[in-house]
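First comes the structure, then the notes that go with it.
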Amino acid sequence: QVQVAESGGGSVQPGGSLKLSCRGPENPLSRRYMAWFRQAPGKEREGVVGFDNDGRTDYAEYLRGRFIASRDAASNTFFLQMNNLKPEDTGMYFCAADPEPKYASTWAQKERYTFWGQGTRVTVSS
């Protein structure tokens with residue numbers, strides 16, 4: 001059973017926008033905290049934004065403002081609106097979920113997540 005599933009990736013020119021979607025685990029106890037990570041070719045997977053079940057959002061500060069997270073609780077879907085995309089935003093974007101709460105100092109640590117999606121590819125190129 002797939003616990004986490006992403007969609008919405010694609011190719012876009014610099015300055016464009018994309019909106020990614022992530023459907024989290026059905027069991028709310030399994031998605032106490034959800035997050036988006038990304039991995040550029042040849043680089044480590046890094047945290048983009050995290051979303052606590054109570055609504056608190058943690059951003060990678062250098063992406064705050066361009067990337068906006070939101071959630072539709074009714075459909076158990078977590079969104080990532082990406083604006084003014086740059087070539088360096090190219091990579092695989094992964095959604096993750098975990099039963100344990102996260103904090104400002106821990107949400108971006110990928111090893112703390114139990115459930116991962118397969119990823120969706122984002123390419124920003126002219």
Side-chain angles (χ1 to χ4, degrees):
Q1 181 182 2
V2 176
Q3 295 276 3
V4 178
E6 309 95 337
S7 62
S11 296
V12 64
Q13 292 186 341
S17 297
L18 281 174
K19 187 173 185 177
L20 307 183
S21 300
C22 169
R23 187 169 181 85
E26 289 295 328
N27 185 346
L29 296 178
S30 297
R31 48 181 164 85
R32 177 69 174 83
Y33 198 95
M34 295 182 66
W36 282 101
F37 284 77
R38 70 181 185 181
Q39 188 165 13
K43 295 190 176 181
E44 292 290 317
R45 193 170 297 189
E46 61 179 7
V48 174
V49 60
F51 205 105
D52 184 90
N53 216 24
D54 295 330
R56 192 190 84 244
T57 307
D58 298 297
Y59 284 96
E61 285 304 315
Y62 70 100
L63 294 174
R64 185 189 292 270
R66 284 200 304 126
F67 287 22
I68 303 169
S70 61
R71 185 180 67 159
D72 179 355
S75 65
N76 181 28
T77 304
F78 179 30
F79 301 99
L80 180 64
Q81 176 69 44
M82 305 185 295
N83 300 316
N84 190 22
L85 283 162
K86 304 176 181 181
E88 52 264 41
D89 294 318
T90 293
M92 287 294 291
Y93 283 69
F94 298 90
C95 186
D98 196 76
E100 297 296 322
K102 304 287 180 283
Y103 306 97
S105 60
T106 62
W107 74 269
Q109 297 172 3
K110 58 185 182 298
E111 61 272 15
R112 293 181 179 269
Y113 291 83
T114 303
F115 304 105
W116 288 88
Q118 293 297 308
T120 185
R121 185 174 301 279
V122 172
T123 302
V124 185
S125 174
S126 55

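On a predicted model such as this, the values are computed, not experimentally measured, just so you know. Counting from 1, the numbers follow the sequence of the chain as shown.
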Query raised in the report: Under a 4.5 Å cut-off applied to non-hydrogen side-chain atoms, are Pro87 and Pro14 in contact?
Result: yes
Query raised in the report: Do you know which of Val4, Asp72, Thr77 makes side chain to side chain contact (heavy atoms under 4.5 Å, CB included) with Arg23?
Result: Thr77
**Report entry** Any donor-acceptor pair under 3.5 Å from Tyr113 side chain to Trp107 backbone
**Finding:** yes
Query - Presence of salt bridge, Arg32 and Asp52, under 4.0 angstrom - result: yes
Query - N/O donor-acceptor pair under 3.5 Å between Thr90 side chain and Val124 backbone - result: yes
Query - Heavy-atom pair with the smallest gap, counting every atom of Gly91 and Pro41 - result: CA-CD, 4.5 Å
Report task. Determine the sole option in Asn53, Thr106, Asp58 for which the side chain to side chain contact (heavy atoms under 4.5 Å, CB included) test with Tyr33 is passed. Result -> Asp58
Report summary line: Note: Gln118 and Glu6 closest approach over all heavy atoms is N-OE1, 3.1 Å
**Report entry** Gap separating the CD atom of Glu88 from the OH atom of Tyr62, nearest 0.5 angstrom
**Finding:** 9.5 Å
Query raised in the report: Just wondering, do Arg38 and Asp89 contact through their side chains at under 4.5 Å, heavy atoms?
Result: yes
Report task. Consider only side-chain heavy atoms of I, L, V, M, F, W and Y, link residues closer than 4.5 Å, and tell whether Phe78 and Leu29 are in one cluster. Result -> no
Query raised in the report: Counting N and O atoms only, with roles assigned by atom type, does the side chain of Arg66 sit under 3.5 Å from a partner on the main chain of Asn84, one being a donor and the other an acceptor?
Result: yes
**Report entry** Verify same cluster id: Phe94, Val48 (apolar side-chain graph, 4.5 Å)
**Finding:** no
Query raised in the report: Is Phe79 linked to Phe51 within one hydrophobic cluster, defined over Ile, Leu, Val, Met, Phe, Trp and Tyr using a side-chain heavy-atom separation of less than 4.5 Å?
Result: no
Query raised in the report: For Trp116 and Arg45, what are the C-alpha separation, side-chain angles and deciding distance, and is it a side chain to side chain contact (heavy atoms under 4.5 Å, CB included)?
Result: CA-CA 12 Å; Trp116 288 88; Arg45 193 170 297 189; 3.4 Å; yes
Query raised in the report: Which heavy atom of Ala97 sits nearest a heavy atom of Pro25, and at what distance?
Result: CB-CD, 3.7 Å
Query raised in the report: What is the distance from atom CG of Asp98 to atom CD of Gln109, rounded to the nearest 0.5 Å?
Result: 11.5 Å
Query raised in the report: Within the side chain of Asn83, is there an N or O that forms a donor-acceptor pair under 3.5 Å with the backbone of Ser17?
Result: no
Query raised in the report: Relative to the ring of Tyr93, is the ring of Phe67 parallel (under 30°), tilted (30 to 60°) or perpendicular (over 60°)?
Result: tilted
Requested in this report: Give the cluster check for Leu18 versus Ile68: same hydrophobic cluster or not, with ILVMFWY residues linked at side-chain heavy-atom distances below 4.5 Å.
Outcome: yes
Query raised in the report: Is it the case that one hydrophobic cluster holds both Leu20 and Phe37, taking links as side-chain heavy atoms less than 4.5 Å apart, direct or via other members?
Result: no
Query raised in the report: For atom CD of Glu44, is the number of surrounding heavy atoms from other residues, nucleotides or ligands below 6.0 Å larger than 12?
Result: no
Query raised in the report: Take atom CZ in Arg121; do more than 12 heavy atoms of anything else shown fall under 6.0 Å from it?
Result: no
Requested in this report: Hey, could you give me the CE/OG1 distance between Met92 and Thr123, rounded to the nearest 0.5 Å?
Outcome: 9.5 Å
Query - Gly47 to Ala60 - nearest heavy-atom pair and separation - result: O-CB, 3.5 Å
Requested in this report: Search all heavy atoms of Arg31 against all heavy atoms of Gly24 and return the closest pair with its distance.
Outcome: CD-C, 4.4 Å
